[in-house]
Amino acid sequence: MTSTSSETRPFRAADLGTLAVMAFSGDAPDGDMPYLLAYSLGDTEGGPEGTSAAIERLLSDNGLPVGDTLLDGSQYPSLPLTLLVEAGQAVVTMPSLNAQCVVPPEWLAAVGERGYAYFLFATRAWPDAEPGKPVDPENLAAFAGDEETLNSAAHVLLPARRLRG
């Protein structure tokens, strides 16, 4: 007789694969919207499917819903996800990970105007978008605007914080 263990496997950041965060801005009905897109290359032992499962677990463990729910981070002061904007960079922090990226001037202007960024954490792997290499705007739009990407991602309006001097 075979039995399976009901013990949950401990979270391993390595299961997420290579994570990247990309900043861009786009037109919205009320002006320019600053976006942050977090994604994995899917380069783990479990491949894109294993990466997707690991990201879903990370998001779930941190109370971030996946799907079409837009979470307003300003309404959840204990949200374990933060955005720090400083010295031309965006730094996103949550338990088990910390990611940063250089942001373009138009993104900084948009986040300065709004006070927040639209954070999209994709569970779907994007192996074509290698960190540090330019991404064609059409490829970005095709991935970030794809229904599969959007329906399997966490969506958060993330308040921008700055260091106090």
Side-chain angles (χ1 to χ4, degrees), residues 4-5 7-28 32-73 76 79-85 88-104 106-107 110-111 116-160:
T4 34
S5 170
E7 182 180 330
T8 57
R9 193 173 133 197
F11 176 78
R12 295 178 342 125
D15 291 340
L16 301 173
T18 303
L19 287 177
V21 175
M22 178 185 304
F24 60 98
S25 58
D27 291 331
D32 211 18
M33 176 66 76
Y35 293 96
L36 284 172
L37 171 63
Y39 62 93
S40 173
L41 297 181
D43 54 352
T44 65
E45 186 178 296
E49 293 80 19
T51 298
S52 178
I55 292 172
E56 284 182 33
R57 179 172 174 201
L58 173 71
L59 296 172
S60 175
D61 288 354
N62 286 287
L64 300 172
V66 171
D68 60 2
T69 300
L70 177 59
L71 192 65
D72 182 349
Y76 299 92
L79 186 70
L81 175 65
T82 61
L83 168 61
L84 174 68
V85 178
Q89 296 203 9
V91 181
V92 177
T93 305
M94 65 189 302
S96 303
L97 73 92
N98 180 333
Q100 66 184 47
C101 67
V102 175
V103 295
E106 60 273 10
W107 188 93
V111 84
Y116 63 86
Y118 190 119
F119 180 69
L120 179 77
F121 200 140
T123 62
R124 181 178 170 209
W126 192 19
D128 300 335
E130 295 181 46
K133 293 187 179 178
V135 174
D136 182 277
E138 289 80 26
N139 290 340
L140 172 60
F143 178 79
D146 184 84
E147 193 172 322
E148 183 182 347
T149 300
L150 294 171
N151 290 336
S152 64
H155 303 260
V156 182
L157 295 179
L158 196 52

Is a donor from one side chain sitting under 3.5 angstrom from an acceptor on the other, for S152 and R124? no
Quick one, [X] and [Y] - any side-chain contact, counting heavy atoms below 4.5 Å?
| X | Y | value |
| --- | --- | --- |
| W126 | M22 | yes |
| L71 | Y76 | yes |
| L64 | L79 | yes |
| H155 | Y118 | yes |
| I55 | S40 | yes |
| V85 | W107 | yes |
| S96 | L58 | yes |
| L97 | L19 | yes |

Search all heavy atoms of [X] against all heavy atoms of [Y] and return the closest pair with its distance.
| X | Y | result |
| --- | --- | --- |
| D146 | A142 | CB-O, 3.1 Å |
| L59 | A154 | CD1-CB, 3.9 Å |
| A110 | P34 | CB-CD, 3.7 Å |
| A144 | F24 | CB-CZ, 4.5 Å |
| G73 | V156 | N-CG1, 4.3 Å |
| A14 | T44 | O-CG2, 3.5 Å |

Could you please spell out the steps behind the side chain to side chain contact (heavy atoms under 4.5 Å, CB included) verdict for Y116 and L158? CA-CA 5 Å; Y116 63 86; L158 196 52; 5.8 Å; no
Measuring from atom [atom1] of [X] to atom [atom2] of [Y], what distance do you get when rounded to the nearest 0.5 angstrom?
| X | Y | atom1 | atom2 | result |
| --- | --- | --- | --- | --- |
| E148 | T123 | CD | OG1 | 8.5 Å |
| D32 | E106 | CG | CD | 7.5 Å |
| L81 | T93 | CG | OG1 | 8.5 Å |
| L83 | L157 | CG | CG | 11.5 Å |
| D128 | D136 | CG | CG | 11.5 Å |
| L140 | Y35 | CG | OH | 10.5 Å |

Check the pair T18 / D43 against side-chain hydrogen bond (donor to acceptor under 3.5 Å, both in side chains), numbers first and verdict last. CA-CA 6 Å; T18 303; D43 54 352; 2.6 Å; yes
Assess whether side chain to side chain contact (heavy atoms under 4.5 Å, CB included) is satisfied between L150 and L120, documenting all intermediate values. CA-CA 8 Å; L150 294 171; L120 179 77; 4.2 Å; yes
Given the rule in the side chain to side chain contact (heavy atoms under 4.5 Å, CB included) test, do V66 and F121 qualify, once you have shown the distances and angles that lead to the verdict? CA-CA 9 Å; V66 171; F121 200 140; over 6 Å; no
By salt bridge (charged side-chain N to carboxylate O under 4.0 Å, His left out) - contacts of D61 (at least two apart):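 Residues passing salt bridge (charged side-chain N to carboxylate O under 4.0 Å, His left out) with D61: R57.
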Counting N and O atoms only, with roles assigned by atom type, does the side chain of T51 sit under 3.5 Å from a partner on the main chain of G47, one being a donor and the other an acceptor? yes
Could you walk me through whether E56 and S60 pass the side chain to side chain contact (heavy atoms under 4.5 Å, CB included) test, one step at a time? CA-CA 6 Å; E56 284 182 33; S60 175; over 6 Å; no
Does CG in D68 sit with more than 12 non-hydrogen atoms of other residues, nucleotides or ligands closer than 6.0 Å? no
